[in-house]
**Q** 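Pasting in a structure now, in structure tokens, and then I'll have a few things to ask.
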Number of protein chains: 2
Amino acid sequence: MSNSRSIAEELRVLFETLTPTERKVGRVLLANYPVAGLETIAQLALRADVSGPTVLRLISKLGFDSYTAFQTALRDELEIRLQSPLVRHDPAQLQGDSDFLVSYAARITQLMQETVAHLPRVEFDGVVDLLGERKNRIWLLGGRLTDPLAAYLCHHLKVVRADVVHLRGVPSSWADSLVDMGKHDVLVIFDIRRYWDGALHIAEMAAQRKVSVLLFTDQWLSPVSRVARFTLAAHTAGPSGWDTNTPLMLLVDAVIAALNTRQWAAISDRLQEVEAMRARLGEGSHRADE
Amino acid sequence: MSNSRSIAEELRVLFETLTPTERKVGRVLLANYPVAGLETIAQLALRADVSGPTVLRLISKLGFDSYTAFQTALRDELEIRLQSPLVRHDPAQLQGDSDFLVSYAARITQLMQETVAHLPRVEFDGVVDLLGERKNRIWLLGGRLTDPLAAYLCHHLKVVRADVVHLRGVPSSWADSLVDMGKHDVLVIFDIRRYWDGALHIAEMAAQRKVSVLLFTDQWLSPVSRVARFTLAAHTAGPSGWDTNTPLMLLVDAVIAALNTRQWAAISDRLQEVEAMRARLGEGSHRADE
DNA sequence: AGCACAATCTAATTTTTATTACATTTTTAT
DNA sequence: ATAAAAATGTAATAAAAATTAGATTGTGCT
């Protein structure tokens, strides 16, 4: 399978060279693509009213040396197709810059919907609970591209509560913070594709100390998810398109909004204090937008 | 399986009753739905970093009395879904008003659409042109909450081109940079409500020196827009409720994507170089997600 | 601290599935 | 019409998968 043709295409090309019974299988496969190919040989053979070995011979002619290999290829194809139907169906959309913005927004909207649709609600609620709990200390940590998101979340959390720290600089300097952590600490990690070993190490060490690890990641799930207490996964890209972190930001924003909504009574006092102080301090000399 | 809920929905409902390890499986399943479930138990278990029996227990909790039955159900579902590609995720999912996340996402989606609808194409194209022009030097500058966005844009621009600087620290230190600026400089400013006087001052000085000022702001337009050459305004809030910067991020992402698409030929070489260098440098010790 | 219970894994077992070898049938050419 | 070749199926076998039973680990509670 060196070429990039899809299996269905390959099958269509090969079709005329097939024997009559093999064609039966081919037809069933194409008519119910790719689901039929994900069944067992026996099931597929039954559907095509053909024997097992015939199916196997067809598969072999397609260039696979085992039925398992064939199924794996089918699944891989399917995975790509399901992940971004929009990009898949008309890639031309993103080319014409006349309406680039519109189509781009449409795509991101779709990614956002997928993100929301796939996210278990307990995960979301769990994150909000942990971040809202005053007894906990919060530590944030991001990767190269996601550190801005960590910073963004940090700013918002600081408005709402105390004990929030954004870990910056070199990983070695975090050891100091790490040794003090315990079960009342929450480590928020942002880790998206091109996963970063450092994040995993830190998460593992933290988890060992009963620290609650919260992970913001993409749909392919950073390895950190194995030790994370809660994982929020955003759909960030299709295969051929450009990555976007907007859906991830949606999650961050939603968490912030949920925190605010849920704990409005508790935080409103604090908000006013912060406001007052900021007014007295800042006045022009420092950055102050909201 | 008498009811008509999809397996994914069923899983989401059940999620909170699951044990921690079972949830791992659930997450993998949902994140890669439904392909992950079409693999063998062993493969799925491996993906979720869990043992086979755990997978099986989850499946049993879902109401299936064999893994095979589960897979058959998945395939049936998939077959139906693939037949009507337009009915993507069951719309019922998006209607559940009780779900905070869903309604929040719906609202942001609307804000994003408004943003796109109101944004003049020339503005967008102008920004992309200016940022893509190699002769220009780019300077970025954000406010308290928007600085992460500036940082994010900065990272992406640096991948694509040279002469990109994110201005940090205290405003007074920027004077050095400012005196050198001229008509081949581009100053990108992020300024949203609670507009910041400092930003206006800097923008005015820059504009006087023929610097092109690009402004990312909210729908009420920062005063900087008066001196800005191009302004991209995002709708960041509804009448009641909490602000969100997600639509602003959409704009940033769209600009990046447009730049990449438009100049693919020109930048692909550069990309490879950057990749090679990063590979030689980073290797574990530094932050490295993408 | 220690007991009870839940969660999870390991490893053995059973069942299913893919694969192979070979027999039978069908087709084709003379 | 018949022999040779191709196509296809049957049945045995090997491989892999699912399933189960029991051991082990971890957790909460008194």
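Convention: sequence-line order gives letters A, B, ...; per-chain numbering from 1.
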**Q** Specify the separation, in whole Å, of atom CG of D49(B) and atom C1' of dC9(C).
**A**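 These atoms are roughly 12 Å apart.
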
**Q** Would you say D253(A)'s side chain and T246(B)'s backbone share a donor-acceptor pair under 3.5 angstrom?
**A** yes

**Q** What is the distance, to the nearest angstrom, from the CZ atom on R23(A) to the C1' atom on dT8(D)?
**A** 15 Å

**Q** Thinking salt bridges, do E204(A) and R226(A) make one under a 4.0 Å N-O criterion?
**A** no

**Q** Return the value, rounded to whole Å, for the distance between atom CG of L58(A) and atom P of dG9(D).
**A** 13 Å

**Q** Which class fits the ring pair F70(A) and Y67(A): parallel under 30°, tilted 30 to 60°, perpendicular over 60°?
**A** tilted

**Q** Sub-3.5 Å donor-acceptor pair from the side chain of S225(A) to the main-chain atoms of L221(A), do we have one?
**A**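 Looks like no, no N/O pair under 3.5 Å.
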
**Q** Quick one: does any side-chain atom of T54(A) pair with a main-chain N or O of V50(A) as donor and acceptor, under 3.5 Å?
**A**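 Judged by distance alone, no pair lies under 3.5 Å.
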
**Q** Nearest nucleotide by nearest heavy atom, which residue falls closer to the 5' end of DNA chain D, R57(B) or E22(A)?
**A**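 Upstream on the strand: E22(A).
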
**Q** Give S51(B) one of three labels, base, sugar-phosphate or nothing, depending on what nucleic acid heavy atoms sit under 4.0 Å from its own.
**A** base

**Q** If you count the non-hydrogen atoms of other residues, nucleotides and ligands that lie under 6.0 Å from CD in E16(B), is the total more than 12?
**A**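 Incorrect, the count does not exceed 12.
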
**Q** Return the residues of residues 36-45 of chain A meeting this criterion: a heavy atom under 4.0 Å from some atom of DNA chain C. Order them by number, or give none.
**A**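 DNA chain C contact set from residues 36-45 of chain A: T40(A), I41(A), A42(A).
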
**Q** Please give, in whole Å, the distance from dA14(D) C1' to Y67(A) OH?
**A** 19 Å

**Q** Considering only side-chain heavy atoms of K210(A), which listed nucleotide, dT19(C), dT19(D), dT27(D), is closest?
**A**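 In terms of side-chain proximity for K210(A), the closest of dT19(C), dT19(D), dT27(D) is dT27(D).
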
**Q** Taking for each residue the nucleotide of DNA chain C bearing the nearest heavy atom, is the 5' side occupied by K61(B) or by Q71(A)?
**A**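 Its nearest nucleotide lies further toward 5', so the answer is K61(B).
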
**Q** Could you tell me the separation between the CG atom of L56(A) and the P atom of dT10(D), rounded to a whole number of Å?
**A**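 Spelled out: CG on L56(A) to P on dT10(D) is 16 Å.
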
**Q** In what stems does DNA chain C take part, counting only runs of at least 3 consecutive Watson-Crick or G-U pairs whose two distances fall under 3.5 Å?
**A** C:1-30 with D:1-30

**Q** Contact class for T68(A) vs. all strands (heavy atom < 4.0 Å): base, sugar-phosphate, or nothing?
**A**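 If one applies the 4.0 Å heavy-atom cut-off, T68(A) turns out to touch nothing in the nucleic acid.
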
